[in-house]
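Each chain gets a letter, A, B and so on, in the order the sequences are listed, and its residues count up from 1.
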Amino acid sequence: MGFKNSIAWYYFSSPKNFYALAGKLIPWFWVLAIGLIGVGLYMSFFVAPTDYKQGESYRIIFIHVPAAWMSMFIYLVMAAYAIIGLAWKVRMADMMASALAPTGAMFTFLALWTGAFWGKPTWGTYWVWDARLTSELILLFLYIGFISLQSAIDDPRRAAKASGLLAIVGVINLPIIYFSVKWWNTLHQGASVSPTMAPKMASIMLTTMLIMAIGFWMYTIAVVLMRARRIVLERERQTGWVRELLLGEGK
Amino acid sequence: MLEVRDLECVRGDHRLFSGLSFCLQEGELLYLRGSNGSGKTSLLRTLCGLLEPAEGEVLWRGQDIRRQRDEFNAELTYLGHLNGVKGELTAFENLRLNCALAGSAVSPQTIYEALERIGLGGREDLPTQVLSQGQKRRVALARLLLSRATLWVLDEPFTALDVGAVEQLAGLIEAHLQKGGMAVFTTHQLVEIGAGAVQEVNLDRVAA
Amino acid sequence: MLEVRDLECVRGDHRLFSGLSFCLQEGELLYLRGSNGSGKTSLLRTLCGLLEPAEGEVLWRGQDIRRQRDEFNAELTYLGHLNGVKGELTAFENLRLNCALAGSAVSPQTIYEALERIGLGGREDLPTQVLSQGQKRRVALARLLLSRATLWVLDEPFTALDVGAVEQLAGLIEAHLQKGGMAVFTTHQLVEIGAGAVQEVNLDRVAA
Amino acid sequence: MTEDGLFVAWRAMLVRDLTLAMRRRADVLTSLFFFIIVVSLFPLGVSPEMAVLRGIAPGVIWVAALLATMLSLGRMFSDDHQDGSLEQMLLLPQPLSLLVLGKVLAHWLVSGLPLVLLSPLLGMQLGLGADAIGLLMLTLLLGTPVLSLIGAIGAGLTLGVRGGGVLVSLLVLPLYIPVLIFGTGAVDASLGGMDYEGHLSLLGAFLVMALLTTPLATAAALRISVE
Amino acid sequence: MTEDGLFVAWRAMLVRDLTLAMRRRADVLTSLFFFIIVVSLFPLGVSPEMAVLRGIAPGVIWVAALLATMLSLGRMFSDDHQDGSLEQMLLLPQPLSLLVLGKVLAHWLVSGLPLVLLSPLLGMQLGLGADAIGLLMLTLLLGTPVLSLIGAIGAGLTLGVRGGGVLVSLLVLPLYIPVLIFGTGAVDASLGGMDYEGHLSLLGAFLVMALLTTPLATAAALRISVE
Ligand code: HEM
Ligand SMILES: Nc1ncnc2c1ncn2[C@@H]1O[C@H](COP(=O)(O)OP(=O)(O)OP(=O)(O)O)[C@@H](O)[C@H]1O
Ligand SMILES: Nc1ncnc2c1ncn2[C@@H]1O[C@H](COP(=O)(O)OP(=O)(O)OP(=O)(O)O)[C@@H](O)[C@H]1O
Ligand SMILES: [Mg+2]
Ligand SMILES: [Mg+2]
């Protein structure tokens with residue numbers, strides 16, 4: 001409870017303050033996102049060296065891996081918001097969770113799609129029922145489940161609670177995806193980036209991937225804030241400040 | 001003992017009522033009034049802890065009911081629009097299992113007596129789904145005869161009952177209050193219940 | 001016009017009543033009484049042709065209703081314990097489709113007016129499943145406002161209605177009788193309906 | 001009742017059921033989603049090899065369609081029964097079999113047609129060729145309405161009966177098997193280079209017969225069930 | 001509430017659900033019958049050759065078990081929800097998760113265990129050997145309770161939602177797939193002469209984890225659904 005009482009949190013957990021602040025921040029995140037992704041793409045195609053084994057097709061890694069990371073991170077963040085929303089009844093947290101889901105689903109799809117695209121030249125097939133691939137597919141289902149459950153329930157508060165619970169239950173899938181390559185011998189490559197061991201990859205590749213990942217993050221924040229603002233307006237439409245705001249804009 | 005502080009209830013986009021406060025003591029009856037759709041059912045469900053209040057709190061013996069669910073539930077009996085009676089089971093089985101689920105052992109004898117008293121003698125062993133509307137309601141009411149709860153929350157308990165049954169139930173509520181119980185109920189029918197202290201809350205008059 | 005001859009009704013092992021006869025003319029009201037489980041619902045369903053009589057017959061304009069289903073149904077409106085209202089559809093859609101199913105074209109205007117009159121103004125476009133118990137019942141009652149049937153068969157129509165709605169419905173039945181309609185109804189509540197001729201059948205007094 | 005009134009009522013029934021289906025979009029997608037799941041669980045559970053999959057494809061798809069239809073039968077009348085609309089339906093001044101036909105058509109549009117439209121995709125996923133896929137679609141197009149029509153009788157008969165689920169299956173399955181055999185038979189015959197027209201015309205005959213007889217049987221079943 | 005009272009309540013829940021299941025015998029047989037139908041339609045639809053059938057047998061049986069369980073999930077809470085017993089259950093002076101555990105056990109006894117017991121027959125029908133059949137039974141014995149336990153969460157979450165049918169499938173399927181993969185994986189590994197103990201211990205681990213966590217999640221889901 002101490003956590004809810006801390007002033008800063010309390011201030012921004014109010015939808016009204018959030019709405020104003022997010023409005024100011026969004027342009028900055030867009031700038032950062034476009035800049036970083038631009039640099040990242042430039043580095044992936046023109047700076048990073050050609051791979052001696054896979055040739056040029058490996059360059060897809062610069063999208064695939066950050067997208068795969070994002071798909072899991074976003075889920076984790078979403079579940080964290082869901083916990084906050086359920087445990088401390090912070091409405092803003094519920095709204096953030098629902099705002100994150102579509103972007104998470106998008107990155108999951110991107111990881112699957114780039115992976116499949118890459119699988120053709122390297123493994124000779126688009127798809128194998130390998131543990132990591134399957135669990136990533138499951139993650140996509142979880143996102144879709146979250147979104148559909150939310151849209152199937154009319155009462156927004158009940159919808160937020162139900163889908164929040166689902167998000168929390170689904171967290172169980174994340175370690176399965178992450179460790180699948182370690183636990184089972186699979187076709188898919190193991191983790192090459194980890195805090196404990198020195199990077200095996202050329203440092204230029206690592207840097208590029210990190211830049212892309214941060215760029216994706218900035219993009220995510222920008223999009224999610226925009227979506228959250230829309231959700232705030234919809235769910236708080238009967239409150240005074242939203243009415244005033246809409247009337248003001250209507251003029 | 002049952003205290004409601006500054007309660008607000010919102011369903012969908014509608015705020016049904018807000019700033020509702022009252023306090024119910026032992027032996028007191030609360031008669032909830034209001035036209036169709038004014039939020040009576042919603043309020044009763046909130047009192048039982050089935051609905052979460054949008055604002056405000058419901059206290060039982062001074063503590064929020066949602067923090068002491070099991071203790072509160074042990075002292076509560078709720079009768080809603082739905083009977084909560086399984087159509088496949090006989091009236092007797094329904095009651096026996098209800099008691100067991102509440103963790104209390106009740107002898108078959110007692111259950112048969114309760115059914116007899118509530119006017120279901122001779123029908124104890126029919127699956128309740130073939131009973132008439134009013135007979136089904138009586139099976140649900142028989143729970144009150146067996147209940148040892150302090151607080152009764154009754155949502156239109158007189159629906160579907162014939163004149164005799166209505167009087168019997170009114171008597172039952174009176175006896176419960178005399179033993180120091182509390183009851184909250186709502187009905188659209190005209191029913192006389194003699195009680196020491198009757199409070200009335202009219203939801204049509206509470207601010208939305 | 002509606003004639004019942006020597007009717008006997010059996011449910012399961014029980015004979016509910018037998019040798020029941022009466023005849024209902026235009027402008028007349030039949031008030032069906034009886035305690036819970038005495039067979040009122042069973043009788044009303046038999047009158048509509050939903051239940052087959054164990055003995056005896058139900059005649060409409062002199063002919064057995066089961067031989068002229070479509071003609072009889074065109075003159076009949078039945079309201080049972082269940083509302084027959086789809087929870088996913090709005091009140092407006094429910095009524096519009098009901099009319100279309102009966103083969104009659106009714107303008108949206110008329111339907112909105114009926115809903116307004118029955119006290120659902122402002123709720124016409126909510127899915128009926130979120131309505132309160134009494135509001136759902138009102139949707140079903142709005143059918144009476146739109147109906148051009150001669151014979152109304154109403155099974156505890158006042159359940160779940162608040163005082164205002166009960167009076168309105170009573171008025172509605174009176175008006176229907178005055179226009180030469182007929183109605184058969186049952187209720188456990190005390191309701192005053194002014195009608196030219198009221199017949200009473202008490203099933204507790206009919207031989208089983 | 002004029003012919004016009006008949007048509008208005010029939011259309012209202014159709015519109016009503018389609019609207020309800022749209023409102024419960026989730027519910028409608030059930031059978032479709034179920035169909036997809038059944039078909040795509042096979043590569044997971046059985047074997048991801050194309051050669052194996054292609055061989056079992058027509059059978060898997062037809063069995064999945066049959067199961068999906070069977071599952072959706074429960075919904076056909078049970079909601080109407082529970083909320084009292086069925087009683088009201090029986091008291092309408094229209095021939096009941098006509099209304100039943102409207103309901104069954106709605107049921108097929110909502111839970112049969114999508115299967116037909118989706119089958120090419122699933123066929124491709126399991127490695128079927130274009131010809132085989134076309135024929136598969138045609139057999140499904142002729143066969144699934146028969147499944148809905150026959151199913152309605154079963155659904156009507158088992159209404160009052162609690163959890164009539166298995167009963168429906170028991171009642172309709174024997175009647176479904178011929179449809180299944182001729183449906184897959186046509187595709188298998190064409191894959192084996194044999195003539196398949198006999199199979200198709202039989203399926204067509206089934207459809208005509210079912211259209212003419214089943215609505216009457218279903219109407220009778222419903223009257224019995226509400227007693 | 002004494003420990004004794006807890007046990008009495010838990011047992012009452014179990015007895016209640018088993019009694020209800022016996023009263024609706026038809027309903028209970030549904031999933032069993034469905035299981036049999038799915039498995040035995042394959043020889044009809046796919047190919048009657050033993051070699052083909054044997055290869056797909058473990059997959060077909062597991063997929064059928066998974067589908068049968070998924071279908072029976074709807075029943076787990078929805079009747080109680082509709083007739084108001086669920087509300088009463090939430091108002092009992094017992095931890096809800098305990099009662100949920102009783103309900104899930106009843107569900108498994110009624111719709112999971114029969115599948116396990118029936119699987120040898122179906123395995124034989126599809127030409128599996130004795131060893132493979134034993135292993136198949138073992139995997140089903142470990143796996144089907146997990147399916148019931150996880151399914152309960154989905155069933156609870158989709159309660160109020162009209163036609164939650166497809167949603168349940170969508171929600172629980174992702175969580176079912178690992179069980180399916182390890183279940184069939186074990187049998188396939190043993191057929192291929194490889195070690196299968198890893199698969200079995202994982203299935204066991206799933207079971208323990210599900211027993212410990214899912215009742216809590218289901219209880220939370222139910223509280224949300226009756227709001
Ligand atoms: C649809 C198919 C695929 C899916 C779903 C998929 C999924 C994933 C996921 C979830 C990760 C992140 C895991 C982590 O951070 O440890 C990842 C990383 C990676 N994937 Fe894929 N992948 C697919 C295909 C491929 C293919 C075909 C290749 C190349 C042969 C590939 C190479 C990699 C590499 C090198 C990494 C980075 C591993 C690391 O350093 O952590 N993936 N993939
Ligand atoms: N299938 C059946 N088997 C046995 N008894 C039955 C069956 N169906 C109905 N009954 C009995 O028939 C009797 C009449 O039921 P009915 O619903 O007609 O009563 P009612 O007068 O409408 O009562 P209420 O005022 O409670 O609505 C009841 O006693 C009921 O138990
Ligand atoms: N999910 C929802 N969305 C929108 N409105 C809702 C929702 N749930 C309930 N309502 C509305 O809440 C109001 C209160 O309903 P409630 O059942 O509490 O009324 P009530 O006082 O018990 O009425 P009755 O006397 O008819 O039983 C109704 O107007 C109903 O339309
Ligand atoms: Mg109410
Ligand atoms: Mg009755």
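At least one donor-acceptor pair under 3.5 Å links the side chain of A:Y75 to the backbone N or O of A:A167. Judged purely by atom type and a 3.5 angstrom limit, E:S85 has no side-chain atom pairing as donor or acceptor with the backbone of E:H81. Listed for the E:S111 side chain is no donor-acceptor partner under 3.5 Å among the backbone atoms of E:W108.
For E:L157, the parts lying under 4.5 angstrom from a heavy atom of chain A are both the backbone and the side chain. In this structure, chain E has heavy atoms under 4.5 Å from both the backbone and the side chain of A:I144.
The environment of A:R91 atom CZ is sparse: at most 12 non-hydrogen atoms of other residues, nucleotides or ligands sit within 6.0 angstrom.
Among A:I168, A:L166, A:D155, the residue making the largest number of heavy-atom pairs under 4.5 Å with chain E is A:L166.
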